[in-house]
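These numbers come from a predicted model, not from an experiment.
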Amino acid sequence: MSEVLRDDSLAGEGLVTLTLSNPGKLNAISVAMWRALRAHLLALDAEPHVRAIVIRGALGNFAAGADIEEFPVERGTYDALRRYHGEVIGPTLEALANCRHPSVALIEGVCVGGGLEIAAHCDLRIAAETARFGVPINKLGFPMAPGELKGVLALVGRATALEILLEGRVFGADEAHEKGLLTRVVDAESVEEAGYTCARRIAAGAPLAAQANKWLISRLAPPVPALSEAEWQRAFAYWDSHDHREGVAAFLEKRRPDFQGR
């Protein structure tokens, strides 16, 4: 069963943990999980006792991207593709970025694709030195959608975003830190302690100050003009291409894709 679990056992300290869980799939993020994560974040945003949110994955991994087995149904037409990215993933990442409470991504193991997008939209990211990062969707025949790319680009900048997406390479935590993806890297045995120590430091501060800092930094960031409908259509023009169909099919069939540029 794929789900996002809420743990209030540290609520007395002002901390809430959200855990991405999809056993057997390295916590690949299903549509149900995207929606559950958004629902949790919207609920937490309205809870004044919360001081910090820790987001992590179950069983030693953060998340291995979206659940590609759902793609033929959830992204099978142009309209479905627009809904999947524009009404499911995009609003979830926006809810994470806009939540008034600071968030900490506690990262172990695999953190790729949608998992990296979630981590990038958290306020701070603490990772184990053994964690792995990347967005290898070029091997699936499609680009990162606008609502997902916005936060990644704001975090790491143009050059690093291009490198991550054009190469589609998976890399280690030290390199992720050098690229600006991570706040800090610690040894694997200490990552849980380090993540919660970070969250407790946030919780020890004035919550109104933390919320104001989040708002002001967002407000003072360079504005990004909204995409026109023509630009949205261009962003998703790949939907019926040979390479998109071939990339998804090859992944599901566990074979090398035959991309043809059409």
Close side-chain approach of [X] to [Y], heavy-atom, < 4.5 Å:
X: Gln211; Y: Leu208; value: yes
X: Arg35; Y: Val88; value: yes
X: Ser103; Y: Leu41; value: no
X: Ile107; Y: Leu182; value: yes
X: Leu153; Y: Val224; value: no
X: Glu108; Y: Glu192; value: no
X: Trp34; Y: Leu93; value: yes
X: His101; Y: Val16; value: no

Any side-chain to backbone donor/acceptor pair from [X] onto [Y]? Under 3.5 Å, distance only.
X: Lys214; Y: Cys99; value: yes
X: Arg125; Y: Leu181; value: yes
X: Arg245; Y: Asp240; value: yes
X: Glu246; Y: Asp258; value: yes
X: Asn61; Y: Val110; value: yes
X: Glu231; Y: Ser228; value: yes
X: His121; Y: Glu117; value: yes
X: Lys139; Y: Gly168; value: yes
X: Arg100; Y: Asp45; value: yes

| Between Trp232 and Phe236, what is the ring plane arrangement, given parallel below 30°, perpendicular above 60°, and tilted in between? |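 Judged by the thresholds at 30° and 60°, the geometry between Trp232 and Phe236 is parallel.
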| request: Measure up the His244 and Tyr238 rings against each other and bin them: parallel (under 30°), tilted (30 to 60°), perpendicular (over 60°). | output: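 Correct class here is perpendicular.
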Under 4.0 Å between a side-chain nitrogen and a carboxylate oxygen: does that hold for [X] and [Y]?
X: Glu47; Y: Arg6; value: yes
X: Lys150; Y: Glu94; value: no
X: Arg51; Y: Glu13; value: no
X: Glu163; Y: Arg169; value: yes

Value rounded to 0.5 Å, distance of [atom1] in [X] from [atom2] in [Y]:
X: Arg75; Y: Leu81; atom1: CZ; atom2: CG; answer: 5.0 Å
X: Arg219; Y: Ile217; atom1: CZ; atom2: CD1; answer: 14.0 Å
X: Glu148; Y: Thr92; atom1: CD; atom2: OG1; answer: 9.5 Å
X: Leu106; Y: Arg56; atom1: CG; atom2: CZ; answer: 5.0 Å
X: Leu37; Y: Thr19; atom1: CG; atom2: OG1; answer: 11.0 Å
X: Trp239; Y: Asp79; atom1: CH2; atom2: CG; answer: 8.5 Å

Shortest non-hydrogen separation from [X] to [Y] and the atoms involved:
X: Glu70; Y: Ser30; result: OE2-CB, 3.3 Å
X: Ala173; Y: Phe133; result: CA-CE1, 3.7 Å
X: Ile126; Y: Ala194; result: CG2-CB, 3.9 Å
X: Ala63; Y: Asn27; result: CB-O, 3.5 Å
X: Ser2; Y: Asn22; result: CB-CG, 3.6 Å
X: Pro23; Y: Met1; result: CD-O, 3.4 Å

Same hydrophobic cluster for [X] and [Y], using side-chain heavy-atom links shorter than 4.5 Å among ILVMFWY?
X: Leu124; Y: Val50; value: no
X: Leu116; Y: Leu20; value: yes
X: Met33; Y: Val31; value: yes
X: Tyr78; Y: Leu227; value: yes
X: Val185; Y: Val191; value: no

Would the number of heavy atoms belonging to other residues, nucleotides or ligands and lying under 6.0 Å from [atom1] of [X] be above 12?
X: Arg256; atom1: CZ; answer: no
X: Glu193; atom1: CD; answer: no
X: Arg234; atom1: CZ; answer: no

| task | Decide yes or no on side-chain contact (heavy atoms from CB on, under 4.5 Å) for Ile68 and Leu252, but give the supporting numbers first. | result | CA-CA 8 Å; Ile68 298 170; Leu252 295 175; 4.1 Å; yes
| said: Is it the case that the side chains of Arg200 and Tyr196 hold a donor-acceptor pair, with the cut-off being a distance below 3.5 Å and no angle test? | reply: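 No, because no side-chain N or O of Tyr196 sits under 3.5 Å from a partner of the opposite role on Arg200.
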Pick out which of [options] makes a side chain to side chain contact (heavy atoms under 4.5 Å, CB included) with [X].
X: Cys122; options: Val54, Leu96, Thr183; result: Leu96
X: His40; options: Ile53, Ile55, Val4; result: Val4
X: Leu18; options: Leu5, Asp7, Ile118, Leu44; result: Leu44

